[in-house]
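Quick note: numbers below take in every heavy atom, side chains included, and nothing from hydrogens, waters or symmetry partners. Here is how names work: the chains are called A, B, and so on, in the same order as the sequence lines, proteins then strands, and each is numbered from 1. What you are looking at is a predicted structure, and each value in this text was computed from that prediction instead of being measured.
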Protein chains: 2
Amino acid sequence: MPKQTFLNLEGSKRKVITNAFLREFAIKPYDQASLSDVVKELGIAKGSVYQYFEGKLDLFLYLVGECNQTKMKYIGEITRKSYPDFWAFFRALYECGYKFDSENPLQSHFLFNLIENLNSPSIKHLHNEMLSQTVKAFEEMVEYEISAALFREDIPVKVMGFMLYKVGVSIQEQLIFSKTIEPLKSIENNTSVFLNKKEELMKTVDDYIRLIKPSFDK
Amino acid sequence: MPKQTFLNLEGSKRKVITNAFLREFAIKPYDQASLSDVVKELGIAKGSVYQYFEGKLDLFLYLVGECNQTKMKYIGEITRKSYPDFWAFFRALYECGYKFDSENPLQSHFLFNLIENLNSPSIKHLHNEMLSQTVKAFEEMVEYEISAALFREDIPVKVMGFMLYKVGVSIQEQLIFSKTIEPLKSIENNTSVFLNKKEELMKTVDDYIRLIKPSFDK
DNA sequence: AAAAAATGTGACTCACTAGTCACAAAATTT
DNA sequence: AAATTTTGTGACTAGTGAGTCACATTTTTT
């Protein structure tokens, strides 16, 4: 938790500081992200960071929380029940993600890099924790579809859930691999990840859905 | 390339040194792996490492080359033509991988950690290079299956190739996630990754094949 | 205006890294 | 046995980082 001092900060200053750290963690893994660099860039003293936060991890967790909260404001509105099948729902999540990205580029960048970010040895425990949560969410979705007789039931839920999670990640990584999106360049240019790339994003999403649908549908 | 001095080294000493570094890189990402720690453990001088190799990257690349070479001795024997369909071939690769693992535990551990290892910022270029190669290999497999009218042709090859690559990675990660295998513990205990876990491995592989087969087959 | 509380500071500590180099020891050749 | 080459050494440099703390400045309260 950030200290009271940070919360007392004038809104705009708090934002400038938050953004600078978001940018740093969006570019480098946790262990490589340098507080020293950021304070230099911000023109504030190193000590200030420790007046605002308990330490590096506290700061990082604050950023994770903030970004998740913002993204939830977008994604939270989407419910499975509003869609005829899982895939329409799945697709809607990406459309929503696009909106989140275009309206919150820096937070989007940060979350984009989060999985890679968490690979750092000193926060392995966090990585496992978050992975468990995410995978569990996917497993629950799969369970729902199975109980609704929409997904096949001859494959362990654990496998289907994990695979679905991996498909989500793969879509992102495919877009990076094919250089459709270039997060690092976007950050430099202060633009959102998917700027002018909505069509390509949704095309890839649709390709993936068409590809894996037969694996899951009953 | 390692220096002549290293190649002149007596076989067993070369092996002890190689193994110690394999272990280090199998546990930590490239940037976190510490040469200082390893030489301390080995009881040799830091300077020796620089008498054997040009530097950290040179050493790392040597290890990658050695491990790939060993694994190729196993996997290279398997050809698609010996199998009735892609999935039997795919399955055989894992059976072969198991054999490689049990006979070369340390090298297996190293390669196991390679993808994660390569995430380090200072060798991003290497990561991209290897990723391209691997994905290309999968794309070629997909192309072959399509031309043999065994895989569907309504999805871009790039998407199918990348997905297939990701399935391979996912199998590994699922096994870790479900704690069926525990690479870090195996390294500590000096045992192979899949020790006594062949059945579980092949069961997961079979689950994945059954799951994704309908997505790829015509 | 004085006292007190809250903010801000940057040189500093400590721990760590890759890589170097002048030197020492061992092995080989003459 | 002497000379030469190869191999081994570890204190050293130059750099990184997170986190600390006595002090300075600003803001708020009395």
Sugar-phosphate only, base, or nothing, as touched by Ser48(B) at under 4.0 Å among non-hydrogen atoms: base
Sugar-phosphate, base or nothing in reach of Tyr52(B), heavy atoms under 4.0 Å: sugar-phosphate
Lys28(B) vs Asp37(B), salt bridge (charged side-chain N to carboxylate O under 4.0 Å, His left out): CA-CA, chis, key distance, verdict: CA-CA 12 Å; Lys28(B) 301 174 190 167; Asp37(B) 279 2; 3.7 Å; yes
Kindly give the atom pairs (protein nitrogen or oxygen, nucleotide nitrogen or oxygen) under 3.5 Å for nucleotides 22-24 of chain C.
none

Touch class at under 4.0 angstrom, heavy-atom based, for Asp37(A) against every strand present: sugar-phosphate
Under-4.0 Å side-chain N/O to phosphate OP1/OP2 contact, Tyr50(A) with dT20(D): no
Touch class at under 4.0 angstrom, heavy-atom based, for Asn8(B) against every strand present: sugar-phosphate
Donor-acceptor pair under 3.5 Å, Lys46(A) side chain vs dA18(D) base: yes
Short side-chain to backbone donor-acceptor contact, Asp58(A) and Phe53(A), under 3.5 Å: no
Ser34(A) side chain, from C-beta outward: closest of dT9(C), dG17(D), dG10(D): dG17(D)
Touch class at under 4.0 angstrom, heavy-atom based, for Lys3(B) against every strand present: nothing
Sugar-phosphate, base or nothing in reach of Lys40(A), heavy atoms under 4.0 Å: nothing
